[in-house]
J.: 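Supplied in structure tokens, the structure appears directly below.
Remember, it's a predicted structure, so these values are computed and weren't measured experimentally.
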Amino acid sequence: QVQLVESGGGLVQAGGSLRLSCAASGRTFSTYAMGWFRQAPGKEREFVATINWNGGSTYYADSVKGRFTASRDSAKNTVYLQMNSLKPEDTAVYYCAAQRFFTTTQAPAGYMGWGQGTQVTVSS
């Protein structure tokens, strides 16, 4: 079973950048695909990105395509989300979660091992 801890959130001005990290424990982390989601107040949890087990395949929500980049370092058991050109509408709590196999499903129910989340706030 994979346990996940997100970090790297904070307050940034519109147009700025942040890099989120998701540290994983568990021997099978390197075999799992990983996903990033976000949830703004009063809204449902929203898919952001997913990356396969070796980082060779990624898939993004249209709202972040071209601005966000997912990557992973299996030696460090960590997945990253580089967020550039941030907008106020990117403000949310960001979560990472695991998939047993890489798919482009955007449904949170398809993921497991959710972390506690990290707050990202983008000011205008």
J.: Report yes if some heavy atom in the side chain of Thr31 is under 4.5 Å from a heavy atom in the side chain of Arg100; otherwise report no.
T.: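 Thr31 vs Arg100: side chains touch.
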J.: Would a single hydrophobic cluster contain both Val12 and Leu20, if residues Ile, Leu, Val, Met, Phe, Trp and Tyr are joined by side-chain heavy-atom contacts under 4.5 Å?
T.: yes
J.: With side chains defined as the heavy atoms from C-beta onward, is the minimum distance between Thr91 and Val120 less than 4.5 Å?
T.: no
J.: Can you name the residues that form a side-chain hydrogen bond (donor to acceptor under 3.5 Å, both in side chains) with Ser57, not counting sequence neighbours?
T.: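 Once residues adjacent in sequence are excluded, Ser57 has no partner under the side-chain hydrogen bond (donor to acceptor under 3.5 Å, both in side chains) criterion.
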J.: Is there a donor in the side chain of Ser21 and an acceptor in the side chain of Glu6, or the other way round, less than 3.5 Å apart?
T.: no
J.: Which heavy atom in Ala14 sits nearest to a heavy atom in Ser124, and how many Å separate them?
T.: CB-CA, 4.4 Å
J.: Between Ser123 and Leu11, what is the shortest heavy-atom contact and its length?
T.: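 Heavy atoms of Ser123 and Leu11 come nearest at CB-CD1, 4.4 Å.
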J.: So do Thr58 and Thr50 actually touch side chain to side chain, heavy atoms under 4.5 Å?
T.: no
J.: Please say yes or no: joined through hydrophobic side-chain contacts below 4.5 Å, possibly via intermediate residues, are Trp53 and Leu81 part of one cluster?
T.: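 No.
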J.: Only pairs at least two apart or in different chains count here, so list each side chain to side chain donor-acceptor pair (under 3.5 Å) that has a residue in residues 68-83.
T.: Gln82-Asn84
J.: Under a single-linkage rule joining Ile, Leu, Val, Met, Phe, Trp and Tyr whose side-chain heavy atoms are separated by less than 4.5 Å, which residues share a cluster with Trp114?
T.: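 Noted: Trp114 shares its cluster with Phe37, Phe47, Tyr59, Val93, Tyr95, Phe102, Tyr111.
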J.: Treat each ILVMFWY residue as a node, draw an edge where side-chain heavy atoms are under 4.5 Å apart, and state whether Tyr60 and Val48 are in one component.
T.: yes
J.: Under the rule for side-chain hydrogen bond (donor to acceptor under 3.5 Å, both in side chains), what residues qualify as partners of Lys43, not counting sequence neighbours?
T.: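 Lys43: no side-chain hydrogen bond (donor to acceptor under 3.5 Å, both in side chains) contacts found.
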J.: Identify the two heavy atoms, one from Ala70 and one from Ala49, that lie closest to each other, and give their separation to 0.1 Å.
T.: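 Closest heavy-atom pair between Ala70 and Ala49: CB-CB, 4.4 Å.
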J.: So, taking the atom named OH in Tyr94 and the one named CD in Gln119, what distance separates them when rounded to the nearest 0.5 Å?
T.: 9.5 Å
J.: Which heavy-atom pair separates Gly110 from Gln99 by the least distance, and what is that distance?
T.: O-CG, 3.8 Å
J.: At their closest point, which heavy atom of Leu4 faces which heavy atom of Ala24, and how far apart are they?
T.: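 In terms of heavy atoms, the two residues are closest at CD2-CB, 3.6 Å.
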J.: Do side-chain atoms of Thr118 reach the backbone of Ser7 as a donor and acceptor pair under 3.5 angstrom?
T.: no
J.: Does any part of the side chain of Phe29, heavy atoms only, come nearer than 4.5 Å to the side chain of Val79, both counted from C-beta?
T.: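 Yes, their side chains come closer than 4.5 Å.
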J.: Answer yes or no: are there more than 12 heavy-atom neighbours, outside Gln116 itself, under 6.0 Å from its atom CD?
T.: yes
J.: In chain order, what residues pass the salt bridge (Lys or Arg N to Asp or Glu O under 4.0 Å) check against Glu46, with sequence neighbours excluded?
T.: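 Checked Glu46 against salt bridge (Lys or Arg N to Asp or Glu O under 4.0 Å); matches are Arg38.
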J.: My understanding is that only residues two or more places apart in sequence, or in another chain, count here; which of them pass salt bridge (Lys or Arg N to Asp or Glu O under 4.0 Å) with Arg67?
T.: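 Checked Arg67 against salt bridge (Lys or Arg N to Asp or Glu O under 4.0 Å); matches are Asp90.
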J.: If I compare all heavy atoms of Ala40 with all of Ala92, which pair ends up nearest, and what's the gap?
T.: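 What the structure gives for the nearest pair is N-CB, 3.8 Å.
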